[in-house]
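Here, residue 1 is the first one in the sequence, and each next residue gets the next number. This one's a predicted model, so the numbers in the text were calculated from it and none came from an experiment.
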Amino acid sequence: MALITASGMSPIAVNKNFATDSAKPSYAPHSRILPVHIRIALQSTEHELKAKRMPAVVSVTVRGHSAASGSLAKVDRVLRLNAVDLTINSVTGVDSWDHDGKILELQWIKGFHGDKVVSIDYVIEKPIAGLYFHVADAAVPDRALHVITDHESERARYWLPCVDLPLVRTTLEFVITHSTHHTAVANGAHISTTPNANNADISTTVYKLANHTCPSYLICWAVGDFVTVDDGDVDGMKLQYLCSRDNEFVTPENLLKTFGRTGEMVRWMQNKLGFKFPWEKYYQIISPKIEGGAMENISLVTYKDIFLVDDNIAKDGWGAIVEGVNLHEMAHTYFGDLITMRHFEHVWLKESWATYMESVWAEEHHTHEEARFEIFNQVEWYMQETASYVRPIVCRTYDSSWDMFDGHTYPGGAFRLHMLRWTLGNDTFWAGVKNYIKKYSGKYSETEDFKRELELESGMNLTKFFDQWIYGRGFVKLKADYEYNADRKLVQITLEQTQFNKDLQIPLVFDVTIEIDVVDVDGKVHTAEVVFNDTTGPKVMAFIPLGDAKPDVVEIDPRGKVLHSAEFNPGEAILEGTAKRGRDVVSRIRAYRQLIKNGGVSSMKKVAAALLNEPFYGVRSSVYTSLSSSDLQSAVNILAASLATESDPRSLRVLVNSATAKDAGIRDGLLSVLNTKANLLSPRSRRFLYTNLGRQRHSDDANLLIAAWNDPSSRDIHSHTYQGILAGLGLHRSQAAFDHLHTLLFSENGRAMPETCHVVAVDAYASAAVWLENALHRKEAAERLAHLVRADGSHRVQVAAIRALAKFGDEKKPHLGVCAAVAATALAEQETGKLVAFVKGLSSGGADDVAGLKKTVEELETKLKKVEQTMLLLEAKQESGLFTAATKSE
């Protein structure tokens, strides 16, 4: 079936490489019987938490909209609630009910108009998703006991009977019985915490979300052992930060370092969007159990533990990234919480907006270069994804709603909002946005609703913009040609749009205006505009008179107004001038990239010379990444030399991650950084450094890595250093490295490492095992990994073990059955499809001989190198979700 847009376009129903052939269009459900209030009563004392089992009673107020009294139509008398693997004891308030393990069907004999209360008594026991218990065990004895929810996009159903789709919004009440020494928090206002009259060790805490409504994916509660810190209020809205008490880094001081700008951000956002924050409180809580990175639950925002900040990790820019994530989740208060998408095809109305608000904050609080670099990194993520698939931003056909949380939605949609702002003008754009928020607050919306408000404010017809950029596919791909006529003192630049793809319905021409700046050797700027539309066609020339001074710098779209890529090779002289003296950081990055791509001796000398004097860390970081992708020894030499000269912790992190070549100069440089620049190394920098030392496979480095593992100073806030050591040992290909990994992972006394290292350790163990010369030892290693797949208590470790087995040849074949069974049953349904497909793909692999195995691993390591470079872009965003995309690949 085809998705017919409001403008009449008919995009391809199934987007190649995004959705499978079996994917079908997804639609919001009917709403003739609609839940309007949910009361959730939970028994969650320490006893229940340790057992990972809790009784619950949910009372759902449902409202019938039967137009004809006593209607017998099924839509008027049946409500289907998602309720996966719940033990339903009883249901009252209905004429009958049925539960098939996934759907709880509530049935009435006749339709009704008005409210009814349905009470569901049930038991939650070890849910596979949605509700996560953090309980100490033999493998991880130091967990701080707690339970917490995390739902996006459809995971509330694993503990809560509900319509688990964004269309349904309800008011909420939580009645949580818990151990008195534990903290309980939930959506809405704190009403009371009352000790039990007969048992002072038990208390009951009540929260209510009475003045606003909430979809299932934003419902949140937590109970357990948390460090808490209050941070005042904003206009009466209380600010509080919490984190599970798992290690010595969880302190009030570090919580304030992490979230300390929250109040400032709230005030800025209220002013920017012209709408007061609506919640009674704004709590932010950190837990290692959060799956999706960070989540904007109404008045109770959750974060994965990697976002906790201390001074050490902040030095390489991680603090600024966390600041962006904080802003992103806060923006969801308006885009997602107050205004909810009607269904998942409109997810860009929340995620693109939250991503774009990060950029707007950066514009007003960071330097121009930093803000430009941030939005460039976002676009890089999107462009990389389009190499795999291209889909419309509004897309109804997908295998799982979780698939919609990708680079198209986050940065791809965000830059389209940026283009809308340039198209309408700053004041008009924000006025239209404020009107949209006021009109749809407390409701759901669709893309056409947002478009309509912008059109009403601006008086412009935005149908073609939305057809091309929101309902259509692709973006502008430019091929630029440059000529300079010295006699006429004239620069001629020809721009051609080359993105046309008939099969994918990518248009021949996007309606855009591209600005070009030419800076002459005297520093004077000459600007031209190239206008594309249906009349001009895909190829347009610009003529720019200069006067007596020769051209030195050429910058295409230097103010970043248009979503585009550019193929532009104007020659070494202009490239060098742009790299050295370009005013726009993106233009400088592109000039460096083209010089590296050219790759000649002269070009690489120019790169080396210009890089020494490049003032902005972001440009240097991008150049290091480009050099790492080059096959030239001259690129390796520049990276090795840069290890001696780089002094900014932010770009040093990127540099040590880019130093992946097996090369004596690289090894010497890495060791020198380790010995002479320790004060500049953040935990993430150390992680990349130790990983790449392992890649050198020098005979001395196994002992160096093992000694670093045993050094107490290697312990850091998120075990980044330990993870780098593990990865380095996995890449070292020595018996000593394998033996150490084996001892750490399979010791009889439990895993001798922090929990944050488990996934990396599994991958490193497999990387080392496939290089064992003894076939029996390889077989035994595969068996141990298969045991982790079957029996490990952590879903993350199970998935890591499945993916680790992919590195083996025939040794993995006896274990594909258990991999398939776990892939199909151990995870939330939204995450199952791609893992099942991955396991099916394993059955076609296998190389009997060691040489074949080594070739397979070499290919995997090449891919890993690219993934690690991509991670830098995702970290500089993201993670929603990036975090989400990055986390999904974990």
Side-chain angles (χ1 to χ4, degrees), residues 42-55 123-150 158-159 176-185 201-203 221-228 242-252 254-255 285-291 302-308 712 715-720 722-723 726 743-762 787-801 826-827 890:
L42 300 156
Q43 187 77 19
S44 56
T45 67
E46 184 169 322
H47 172 74
E48 279 85 22
L49 267 57
K50 288 182 176 179
K52 301 182 181 179
R53 183 184 188 276
M54 59 177 60
V123 176
I124 308 160
E125 187 166 9
K126 297 180 180 178
I128 62 173
L131 182 67
Y132 300 92
F133 293 88
H134 194 57
V135 182
D137 57 25
V140 190
D142 58 349
R143 289 175 177 152
L145 182 65
H146 69 278
V147 63
I148 193 166
T149 61
D150 187 31
Y158 294 96
W159 72 272
I176 304 172
T177 300
H178 57 92
S179 297
T180 300
H181 64 279
H182 282 165
T183 300
V185 290
D201 293 335
I202 305 296
S203 295
W221 64 276
V223 170
D225 184 12
F226 299 105
V227 173
T228 65
L242 306 91
C243 184
S244 61
R245 198 187 306 268
D246 284 294
N247 56 57
E248 71 272 23
F249 299 102
V250 181
T251 65
N254 284 341
L255 278 169
I285 182 169
I286 296 174
S287 165
K289 305 307 291 187
I290 298 303
E291 294 289 309
T302 52
Y303 294 81
K304 195 175 180 67
D305 56 341
I306 60 170
F307 293 114
L308 185 67
R715 181 172 174 83
D716 61 62
I717 188 169
H718 299 308
S719 303
H720 282 296
Y722 285 149
Q723 291 178 59
L726 292 169
T743 300
L744 292 174
L745 196 55
F746 296 105
S747 168
E748 293 182 359
N749 298 321
R751 293 173 192 151
M753 67 185 80
E755 186 175 9
T756 48
C757 295
H758 290 180
V759 168
V760 176
V762 168
H787 178 75
L788 294 181
V789 173
R790 182 178 62 255
D792 196 87
S794 165
H795 292 164
R796 295 172 186 171
V797 171
Q798 289 178 298
V799 173
L827 303 175
E890 186 172 296

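Of the inter-residue distances, the one linking W221 atom CH2 with T149 atom OG1 reads 7.5 Å to the nearest 0.5 angstrom. Note that the OG1 atom of T228 and the CZ atom of R245 stand 8.0 Å from one another [nearest 0.5 Å]. If you take CD1 on I717 and CG on N247, they are separated by 7.5 Å, rounding to the nearest 0.5 Å. If you take OG1 on T177 and CD on Q43, they are separated by 5.0 Å, rounding to the nearest 0.5 Å. Separation of atoms NE2 (H795) and CD1 (I128) is listed at 6.5 Å; rounding is to 0.5 Å. With values rounded to the nearest 0.5 angstrom, D225 atom CG is found 9.5 Å from E46 atom CD.
Between the side chain of T45 and the backbone N or O of H178, no donor-acceptor pair lies under 3.5 Å. H146 places a side-chain N or O within 3.5 Å of a backbone atom of A144 that can act as its donor or acceptor partner. A donor-acceptor pair is defined here as one N or O able to donate and one able to accept, closer than 3.5 Å; no such pair exists between the side chain of S179 and the backbone of H181. Side-chain atoms of T251 come within 3.5 Å of backbone N or O of N254 as a donor-acceptor pair.
Counted by atom type alone, H134 and S244 present zero donor-acceptor pairs between their side chains at under 3.5 Å.
Not counting sequence neighbours, the partners of A222 by the side-chain contact (heavy atoms from CB on, under 4.5 Å) test are I148, V185, F226, I285. For the side-chain hydrogen bond (donor to acceptor under 3.5 Å, both in side chains) test, residues two or more places apart in sequence or in another chain that qualify with T756 are S719. For K126, there are no salt bridge (Lys or Arg N to Asp or Glu O under 4.0 Å) partners two or more places apart in sequence or in a different chain. Checked against side-chain contact (heavy atoms from CB on, under 4.5 Å), T180 has the following partners two or more places apart in sequence or in another chain: S203. Partners of D137 under the salt bridge (Lys or Arg N to Asp or Glu O under 4.0 Å) rule, at least two apart in sequence or in another chain, are R143. Scanning for side-chain contact (heavy atoms from CB on, under 4.5 Å) contacts around H758 gives V140, R751, M753, E755, V797, with sequence neighbours left out. Residues satisfying the salt bridge (Lys or Arg N to Asp or Glu O under 4.0 Å) test with E48, not counting sequence neighbours, are none. Contacts of H47 classified as side-chain hydrogen bond (donor to acceptor under 3.5 Å, both in side chains), with partners at least two apart in sequence or in another chain: none. Residues satisfying the salt bridge (Lys or Arg N to Asp or Glu O under 4.0 Å) criterion with R715, sequence neighbours excluded, are E248. Remark: A800 pairs with V759, V762 by the side-chain contact (heavy atoms from CB on, under 4.5 Å) rule, at least two apart or across chains. Partners of W159 under the side-chain hydrogen bond (donor to acceptor under 3.5 Å, both in side chains) rule, at least two apart in sequence or in another chain, are H151. Remark: T302 pairs with N297 by the side-chain hydrogen bond (donor to acceptor under 3.5 Å, both in side chains) rule, at least two apart or across chains.
Heavy atoms only, all atoms of each residue included: K304 and I290 are closest at NZ-O, 3.3 Å. For the pair Y158 and A129, the tightest heavy-atom approach, listed with the atom from each and the gap, is CB-O, 3.0 Å. Residues R53 and F133 come closest through the heavy atom pair N-CZ, 4.2 Å. In this structure, D305 and H718 approach most closely via the heavy-atom pair O-CE1, 2.6 Å.
The side-chain heavy atoms of I286 and L242, taken from C-beta on, include no pair separated by under 4.5 Å.
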